[in-house]
Amino acid sequence: MQARHAGGYASDMSGQATEPSLVRQRLALQRERTIAIILMVLQALGTAIIAFAIIVDSRDWYWWALVAACGVVVAVGVRRLRRANTAIHEFEARHGADAGRQN
């Protein structure tokens, strides 16, 4: 019988934490990468829409603040993507290029 710990690791009957399978590890890494890409795309789209609104209609200061905020969120997405890619490369270096892949 296995129990789950707060960190997501399963434990065996002796209470020792066991590492998740390679498939689960790869899925978690790919999930982080996907979230980063979606975050960047949506925020880049939002930034473009707001910038268009500034050009067409308004020159109020709060529009520029929104563009700056969206730019920060895009930068966070880029950082998350770089971290996820680095983690995937480290995982592949440690376990092999096809480790955890499902056919």
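What you see is a predicted model; the values in this text were computed from it and never measured.
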Legend entry - Residues in ring pair (Phe, Tyr, Trp, His ring centres under 6.0 Å) contact with H95, at least two apart in sequence or another chain: F91

Legend entry - Where at least one partner belongs to residues 32-52, residue pairs that pass side chain to side chain donor-acceptor pair (under 3.5 Å), sequence neighbours excluded: E32-R80, R33-N85

Legend entry - From CD1 (I35) to CG (L81), nearest 0.5 Å: 12.0 Å

Inset, instruction - Report the residues that fulfil side chain to side chain contact (heavy atoms under 4.5 Å, CB included) with V23, sequence neighbours left out, ordered by chain and then residue number. - result: S21, L27, Q102

Legend entry - Cluster overlap L29 with L22, hydrophobic side-chain contacts below 4.5 Å: yes

List the atom pairs, with distances to 0.1 Å, where a side-chain N or O of residues 66-79 and a protein N or O form a donor-acceptor pair under 3.5 Å, not counting sequence neighbours.
none

Legend entry - Test side chain to side chain donor-acceptor pair (under 3.5 Å) applied to E92 - qualifying residues, sequence neighbours left out: R26, R101

Legend entry - Under 4.5 Å side-chain linkage, directly or through intermediates, the cluster mates of L42: I38

Inset, instruction - Kindly compute the distance separating CD1 (I50) from CH2 (W64), expressed to the nearest 0.5 Å. - result: 11.5 Å

Legend entry - Shared hydrophobic cluster for I49 and V56 (ILVMFWY, side-chain gaps under 4.5 Å): no

